[in-house]
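Here, residue 1 is the first one in the sequence, and each next residue gets the next number.
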Amino acid sequence: MHCSAGMCALIGIPHQASRLTFDAIADLLTPASAQAWEQALQHMLAKKGELECQLTLRHGGQQGYVRVLADILQDDAQVVEGSAEWLPECQTSHPEQLLHALPIGILEVSAEGRVLFVNQTLLQWLALPTVRPHLSLNDLFDLNNVNLLRQLLHAASNGSTKPDTTLRLKQAIPQHPQRELAVECQESTAAPTRKNSWYLIMHDVTVYAELTQQLRQNEERWQLALESSGDGVWDWYPQTGIELLSDRLKAIYGYGPNEIEDLSDELDRRTHPDDLEQMQADRQAHFDGLTPTYINEHRVQCKDGSWKWILTRGTVIERNVHGEPVRVVGTHTDISERKQAEADVRDSEERLRMALSATHQGLYDLNVQSGIAIVNADYALMLGYPLEQFSENRQNWLRRLHPEDLAQSERAFRDYINGKAPEYRAEFRQKHANGSWVWILSVGALVEWDDQGNPLRMLGTVLDITARKQSEAIIWQQANIDPLTGLPNRRMFYDRLEQNLRQSKRRKNLLAVLFIDLDFFKEVNDTLGHATGDSLLVEAARRLRLCVRETDTVARLGGDEFTVSLPDQTDTVRVEQIARKIIEQLASPFHVAGEEIYLSASIGITLYPRDANNLDDLMKHADQAMYAAKAAGRNRFSYFTPNLQTAALARLRLNNELRSAIADKQLQVYFQPIVETDSGIIRKAEALIRWYQPHKGWISPLEFIPIAESSGQIHAIGELVFQESVRWVSQWRKTIHPDFQISINQSPVEFQNENSPYTGWIAYLEQQGLPGQAINIEITEGLLLDADNKVASRLIGFRDAGIQVAIDDFGTGYSALSYLKKFDIDYLKIDQSFVRNLSEDSSDMALCEAIIMMAHKLGLQVVAEGVENAEQEQLLRSAKCDFVQGYLYSKPLPASEFDHFLRQAASKL
């Protein structure tokens, strides 16, 4: 309530406190009067009429009486304007004294505009001391206001305006230049003499106007502040049904400023029917004090019929004595773009879900803050659960996670959240419902954040990659592990050795590499077969592992070659201890397939950094040291020395020289006669390769043949020997003997070569018009023991072509006699080691006789090598040996000399 100065004086309060609540006024009244005052106001508001009542006022410790007049302003049904007058117990009977005492201005004017009465209150406002006779309106007001008053009186006289019409004047008064008066025109009924006059009741509304202007300015400020952000503003008075809408709000709906009325149902009727009930419920919850603000998202229909999404926010800023909202202020925000984006995201997510569902991938929608995830059926089934019995959250996920995968999984998630990775991608194991481990690939991406940028939501997929992991494990196993022994293979050993080297460089300590070769393994393998050999290798690997630490590496390079890496060594004492232990372990008998087998080991040792500072040199030097141990008698270890490197370089140079020798035709084919024992006829010869190096002289086959075998040059040498043998045997079959035969030694490397030349040899013999019997192939007995399908098919091919086969150096290896008959062998050649010390009562004689007798029983013929004297010849003749060969008859000769030798021998017969 806004009280004028007169009202304040009337009720006994200072004018500075002119704004009072209803309760403050009621406190000045007696309880009965307060109740009557409230009832009178309610009755007036309900009936839209006037109010007149007399109240008992407690003033200055005494009770007084106040007469109150009030009415509802027509331009604003929420504003009541009225006046009050003091009534002492003995009311004055003089009406004019009462009019002068009123705190409102009273002016009585005739129909012609003559002033008939002015009360003291109005005189004070107009700064007039007294009322002069015959005053006119021109004496009280300026010309503009006089014209306004005359218009009001004229209209009242003609009945064209209501008696309670209010006119506002602004009177230019020196003391109050901005004073504003509200004037009401009422017909006078005070006295018969003044029937044709009008009362002009004037109210000083200067303070009210100032407060109203200030309030209007404040509201304009906050409306501008809100609308500057793009929001529309609404100002609603629920008790009256008035809702003021800003121009911006109307523009959101597509309307102009004057196209929507300021009524509350204007917005409600434009709300989508599906959203109206929830919007009204949210609004009522705020009205009832259940929520601090009113917030709701709903669709509204625009002028063109389209629908927009609106976010509305509102707050009750004024309530009546009953707690009902009197004024509510709020905003409308157009969120259509956001809603469309959300719909697009949902559509995209749904399409993604449908696409991924077709691939049977598991899907999850993770609340990052709570750790709870919504998953699809494929996700649950991947882990062996029906969806209805499966609940996914961080605790359950951790319970299923393999302990070894926790750190890696958390690191992948942390790197993605911190922006170090473009997506969350992790591979880990989860326990299946049946207890097995399932490898999972999880890929995810954040799709929602809060206002502070904290992640809220992640979408992702899971895929069962168990089969892929198993395949990778198999591939890794095949690439890194020796399938026979389970030891690391060459590739993995080199990787670990490289790591050991870097570690030794950092720590500045010794690294030892042991190169181990099993002595006599080839003989055992050739004699007892591959299955037995494989069992030996498995047992040897087991024994090697027992000799070293877990941090050391034992590997199989291939065949019977093993290596050991010994990092973190301080001296050579422990290295030698391990080497001796390995030799001791491998020297113990092996019990395999019912056989007791004895092996030994030759070990080469090289040290970093003493012998080499890189992997290749370490391995090369260890290999050289191993060959040195073999050359020294086997079953021992040998350290690498510079001399070994010198020898290795010599072998390398010899290999290069051999290559040049083949190209330069330095190699020559020599022939040595094979004599028929009984007749002395020479109708066989053995072809032997010889090398004369211009700068070094003669180089022994024992020196260059192993190099040729290891370098692959043996094939070119074998082809050379074959071509020369065919050329000369063709001639000697014509000049010496029609059944002349040349024996050609075949290295196992040649015989087992995938690209064997033998098919071409047979065809070449046919082209030259030679039978297969013109050539005899000499092989080692080890080839028979290793006779796989490839070897067997070649032997059968020789037999079918008529080419004969001889077993060279018979008796020096592990012989299996059943193979002699199985593969149609034609000759056995007794090694010269048995012939060299041959005497009548020697064991060598007994062995030779046994070999000859056995061969004859099997239908084989025998050739004895190394015959150097007549006694040896006589003993072999007596033992029924078929052929003899040796220096007694001739040393190997070049082809031309051997041709001359054959002619002389033939002439003597």
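- At distances below 3.5 Å, not a single donor-acceptor pair connects side-chain atoms of Tyr385 with backbone N or O atoms of Tyr379.
- Considering only residues two or more places apart in sequence or on other chains, Asp450 meets the side-chain hydrogen bond (donor to acceptor under 3.5 Å, both in side chains) condition with Asn454.
- Taking the side-chain hydrogen bond (donor to acceptor under 3.5 Å, both in side chains) definition, one finds that Gln340 meets it with Asp344, sequence neighbours left out.
- The shortest distance between side-chain heavy atoms of Val300 and His298 falls below 4.5 Å.
- When the salt bridge (charged side-chain N to carboxylate O under 4.0 Å, His left out) test is applied to Glu324, no partner is found at least two apart in sequence or on another chain.
- Screening residues 273-292 for ring-ring contact (aromatic ring centres under 6.0 Å, His included), with sequence neighbours left out, gives Trp236-Phe287.
- Under a 3.5 Å cut-off, the side chain of Ser442 and the backbone N or O of Ala426 do not form any donor-acceptor pair.
- Every residue two or more places apart in sequence or in another chain that forms a side-chain contact (heavy atoms from CB on, under 4.5 Å) with Pro386 is listed here: Glu388, Gln389.
- Among residues two or more places apart in sequence or in another chain, the salt bridge (charged side-chain N to carboxylate O under 4.0 Å, His left out) test is passed with Glu259 by Lys303.
- Scanning for salt bridge (charged side-chain N to carboxylate O under 4.0 Å, His left out) contacts around Arg468 gives Glu427, Glu472, with sequence neighbours left out.
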Check your understanding: For Val443 and Tyr424, what are the C-alpha separation, side-chain angles and deciding distance, and is it a side-chain contact (heavy atoms from CB on, under 4.5 Å)?
Key -> CA-CA 5 Å; Val443 180; Tyr424 167 65; over 6 Å; no
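- Under 3.5 Å, the side chains of Asn296 and Thr312 contain no donor-acceptor pair of N or O atoms.
- Residues satisfying the side-chain contact (heavy atoms from CB on, under 4.5 Å) test with Glu266, not counting sequence neighbours, are Ile260, Glu261, Leu263, Arg269, Arg270.
- Pro273 has its side chain out of reach of Leu276: every pair of non-hydrogen atoms, C-beta onward, lies at least 4.5 Å apart.
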Point to revise | Working for salt bridge (Lys or Arg N to Asp or Glu O under 4.0 Å), residues Asp365 and Arg457 | key: CA-CA 7 Å; Asp365 188 340; Arg457 185 176 172 217; 2.9 Å; yes
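- Looking at heavy atoms from C-beta onward, Leu149 lies in side-chain contact with Leu200 at the 4.5 angstrom threshold.
- Side chain of Ser436 to backbone of His432: no donor-acceptor contact under 3.5 angstrom is found.
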Exercise for review: Start with the C-alpha distance between Trp397 and Tyr364, add both sets of side-chain angles, then the distance that settles ring-ring contact (aromatic ring centres under 6.0 Å, His included), and finish with yes or no.
Suggested key: CA-CA 12 Å; Trp397 183 82; Tyr364 63 85; 9.7 Å; no
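- Identified under the salt bridge (charged side-chain N to carboxylate O under 4.0 Å, His left out) test for residues 280-291, with sequence neighbours left out: Asp268-Arg283.
- A donor-acceptor pair is defined here as one N or O able to donate and one able to accept, closer than 3.5 Å; such a pair exists between the side chain of Thr466 and the backbone of Trp439.
- Between Asp334 and Lys308 the shortest side-chain heavy-atom distance falls below 4.5 Å.
- The shortest side-chain heavy-atom distance between Asp235 and Glu243 does not fall under the 4.5 Å cut-off.
- Shown here for Gly362 and Asn376, the closest heavy-atom pair between the two residues is CA-OD1, 3.5 Å.
- For Glu342, the side-chain hydrogen bond (donor to acceptor under 3.5 Å, both in side chains) partners at least two apart in sequence or on another chain are Arg338.
- Residues Asn320 and His322 bring no donor and acceptor atom of their side chains to less than 3.5 Å of each other.
- Side chains of Leu245 and Leu267 form a contact here, defined as non-hydrogen atoms less than 4.5 Å apart.
- Applying the side-chain hydrogen bond (donor to acceptor under 3.5 Å, both in side chains) test to residues at least two apart or on different chains, the pairs with a partner in residues 400-414 are Glu392-Arg400, Arg394-Glu410, Arg400-Gln430, Glu404-Arg429, Asp405-Arg429.
- Looking only at distances, a side-chain donor or acceptor of Asn393 sits under 3.5 Å from a matching main-chain atom of Gln395.
- Not counting sequence neighbours, Lys250 has no partner by the salt bridge (charged side-chain N to carboxylate O under 4.0 Å, His left out) test.
- Within the 3.5 Å criterion, the main-chain N or O of Tyr294 finds no donor-acceptor partner in the side chain of Thr291.
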